[in-house]
Structures are given as structure tokens and as C-alpha cells.
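Numbers for residues simply follow the sequence, beginning at 1. Just follow the structure's listing: the first ligand is 1, and inside any ligand the first atom is 1.
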Amino acid sequence: MIDEQDNVYIFNHPMIQHKISLLRDKNTNSKSFRELVEEVSMLMAYEVTKDFPLTEIEIETPIAKTKTKVLTDKKVTLVPILRAGLGMVEGMLKIIPTARVGHIGLYRDHDTKQPVEYYCKLPANADESEVIVLDPMLATGGSGSAAIQFIKDRGVKNIKWVCIIASVEGVERIHKDHPDVPIFCAAVDQDLNENAYIVPGLGDAGDRIFGTK
Ligand SMILES: O=P(O)(O)OC[C@H]1O[C@H](OP(=O)(O)OP(=O)(O)O)[C@H](O)[C@@H]1O
Ligand SMILES: O=c1cc[nH]c(=O)[nH]1
Ligand SMILES: [Mg+2]
């Protein structure tokens with residue numbers, strides 16, 4: 001159950017939408033918030049991987065020989081954007097257990113709202129891999145656009161962006177800077193407030209995952 005328009009895939013499955021409502025609720029505590037982010041990520045992984053290629057092999061069941069399909073050997077790298085993206089890794093790994101994990105550290109300067117890079121470690125030969133970038137929030141799109149550019153600068157061609165809540169402005173920014181990158185999310189919210197937080201959004205995802213406020 002997914003709406004696709006202009007390279008944006010919105011997950012409208014009832015189980016995902018229900019969990020998004022719990023994430024948005026300010027009364028949801030850090031433990032529940034973390035668990036919900038993991039569960040939503042796992043459900044999203046199911047759709048994000050739907051174009052993965054299959055190869056036919058022959059095996060023997062206890063009853064008979066048969067032809068069956070397995071995933072074609074394909075390199076996948078998950079790249080969470082620190083900190084909040086970390087909350088999405090375990091859920092994704094439940095569905096894609098062979099994925100490697102790289103990390104990009106970015107924070108948004110409180111005054112300028114511009115992304116500041118403080119860490120980047122991608123697996124060797126990341127350029128041979130499909131990269132799935134993880135960050136729960138796409139607000140102005142500044143962090144997302146910069147992260148995608150770091151990854152492209154390392155030669156990666158096949159990139160997907162997976163977030164939980166996007167803003168209209170963030171979607172437009174990624175489309176403008178990186179029209180080749182599809183966006184997967186559970187909701188697109190209309191507004192940003194004066195602090196560039198998504199409205200209604202869910203607040204500061206990093207602080208809610210790690211209990212830092
Ligand atoms: O689209 P943007 O306007 O760039 O904003 C989105 C970014 O802001 C948040 O990170 P934050 O700076 O709060 O860092 P944190 O994950 O360490 O809390 C969020 O996780 C994104 O990375
Ligand atoms: O709404 C927002 C915007 C940026 N970062 C967040 O965590 N939430
Ligand atoms: Mg934060």
C-alpha cells in the first residue's frame with residue numbers, strides 16, 4: 001500500500017500510519033518512540049527492497065527437487081545520518097541482514113540551520129553498492145542534500161532516501177539537488193516553523209530517540 005508520485009513513495013499502510021500517530025504524540029516516551037521508529041523502519045524496508053533482483057536456483061526439499069528464487073548477490077549499504085538515523089538501522093537490518101552500514105555525522109547549526117559535517121565512514125567499495133540513506137526527518141532538506149552529495153562524491157550511483165516524515169520543502173530540495181534519488185516516507189507535512197521544525201511533525205527525532213531533552 002503505497003502512493004507513488006514524482007519519485008516520492010508514501011507508505012499509507014494502516015499499520016505504518018497508526019505507528020506514525022503514536023510517534024507524533026508528545027506523550028510517547030523515549031522507549032516507545034525508539035521501538036516505534038525501529039518497527040516503522042522494518043515495515044518500510046519491505047517496500048524499499050521490492051525492486052531487488054531474484055535469481056532462480058535449484059534445491060531439494062525433503063520431498064522433491066525444485067526450482068526456487070533467492071536474492072541475486074547484491075551489495076547494499078545502509079547509511080544512517082547521525083544521530084537520529086541510527087534509530088532506523090536495526091529495523092532495516094531485520095529485513096536486509098547482509099547490508100553493510102556506513103555512517104555520516106551531520107548536525108544542523110541552530111542559528112544558520114545549515115548542516116555541519118562531523119563524521120563520515122562508508123564501507124570500502126561503497127561505489128559498487130546500492131546505498132539506502134536513513135534519517136527520520138527531512139525538514140529543509142539541507143542535511144539530506146549534503147549527505148547525498150558526500151555519498152555521490154565517493155562514486156555511489158544508486159541511492160535511495162528513506163525518512164519517516166518529510167516536509168514539502170525538503171522533498172522539493174532533494175528533487176532539485178538530486179532528481180535521481182527516490183524519496184520513501186510515511187508522511188509529507190506542509191509546513192516548517194521559525195526554527196525549521198516540521199509542522200506538525202514529531203519534534204526533534206534525535207532528542208526523542210536518545211532522551212536528550
Ligand atoms: O532537513 P534539515 O533541515 O537539514 O533537518 C533535518 C535534520 O535535522 C535532524 O538532525 P539534527 O540536526 O537535529 O541532529 P541529531 O540527529 O543529532 O539530533 C534530523 O535528524 C535531520 O538530520
Ligand atoms: O522537525 C524536525 C526538523 C529537524 N529535525 C528534527 O528532528 N525534527
Ligand atoms: Mg536533532
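Compare Pro80, Gly105, Pro115, Ser143 by their heavy atoms: the one nearest to atom 4 (O) of ligand 1 is in Ser143. Of all the listed residues (Leu134, Ile104, Leu86, Thr140), Thr140 holds the heavy atom that lies closest to atom 2 (P) of ligand 1. Summarising the contacts of atom 16 (O) of ligand 1 with Ala84, Gly85, Gly206, the nearest heavy atom is found in Ala84.
Every atom of ligand 2 is numbered from 1 in the order shown, and the set under 4.0 Å from a heavy atom of Gly203 is 1 (O), 2 (C), 6 (C), 7 (O), 8 (N). Against a heavy-atom cut-off of under 4.0 Å, Met137 is close to the following atoms of ligand 2: 1 (O), 2 (C), 6 (C), 7 (O), 8 (N). Within ligand 2, counting atoms from 1 as listed, the ones closer than 4.0 Å to a heavy atom of Ala205 are 6 (C), 7 (O). Under a 4.0 Å criterion applied to the non-hydrogen atoms of Ala196, ligand 2 contributes the atoms 3 (C). For ligand 1, the atoms sitting less than 4.0 Å from at least one non-hydrogen atom of Arg83 are 15 (P), 16 (O), 17 (O), 18 (O), numbered in the order shown with element in parentheses. Below 4.0 Å from some heavy atom of Ala139 lie the following atoms of ligand 2, by number and element: 3 (C), 4 (C). If you number the atoms of ligand 1 from 1 as listed, the ones under 4.0 Å from a heavy atom of Tyr107 come out as 12 (O). Close approach to Ile198 involves these atoms of ligand 2, each under 4.0 Å from a residue heavy atom: 1 (O), 2 (C). Every atom of ligand 2 with a heavy atom of Arg108 under 4.0 Å away is listed here by number and element: 4 (C).
Within the structure, salt bridge (charged side-chain N to carboxylate O under 4.0 Å, His left out) pairs that include any residue of residues 87-107 comprise Glu38-Lys94 (at least two apart or interchain). Among residue pairs with one or both ends in residues 130-140, those qualifying as salt bridge (charged side-chain N to carboxylate O under 4.0 Å, His left out) are Lys74-Glu130, Glu130-Lys160; sequence neighbours excluded.
Contacts between Asp135 and ligand 1 below 4.0 angstrom, taking non-hydrogen atoms only, involve the side chain exclusively. Here Ala84 has no heavy atoms under 4.0 Å from ligand 2, in either its backbone or its side chain. Contacts between Asp207 and ligand 1 below 4.0 angstrom, taking non-hydrogen atoms only, are absent altogether.
With salt bridges taken as basic N to acidic carboxylate O contacts below 4.0 Å, one links Lys31 and Glu35.
Between Gln149 atom CD and Glu117 atom CD the span is 12.0 Å, to the nearest 0.5 Å. Here CG of Asp153 is found 12.0 Å from CD1 of Ile148. Values are rounded to the nearest 0.5 Å.
At least one N or O atom of Ala139, backbone or side chain, sits closer than 3.5 Å to an N or O atom of ligand 1. Of the N or O atoms in Arg108, one or more lie within a sub-3.5 Å distance of an N or O in ligand 1. Polar contact check, Ile81 against ligand 1: no nitrogen or oxygen pair lies under 3.5 Å apart.
Between the side chain of Arg83 and the main chain of Phe210, no donor-acceptor pair closer than 3.5 Å is present.
Here the side chains of Leu78 and Met88 are not in contact, with every heavy-atom distance at 4.5 Å or above.
Applying the 6.0 Å contact sphere to NZ of Lys121 captures no more than 12 heavy atoms from other residues, nucleotides or ligands. In this structure, Tyr46 places its OH atom where only 12 or fewer heavy-atom neighbours from other residues, nucleotides or ligands lie under 6.0 Å away. Under a cut-off of 6.0 angstrom, the local environment of CG in Asn195 is crowded, with over 12 non-hydrogen atoms contributed by other residues, nucleotides or ligands. More than 12 non-hydrogen atoms from other residues, nucleotides or ligands lie less than 6.0 angstrom from NZ of Lys152.
At least one heavy atom of Gly141 lies less than 4.0 angstrom from ligand 1.
Of the candidates Leu71, Thr72, Thr68, Thr72 is the only one forming a side-chain contact (heavy atoms from CB on, under 4.5 Å) with Thr55.
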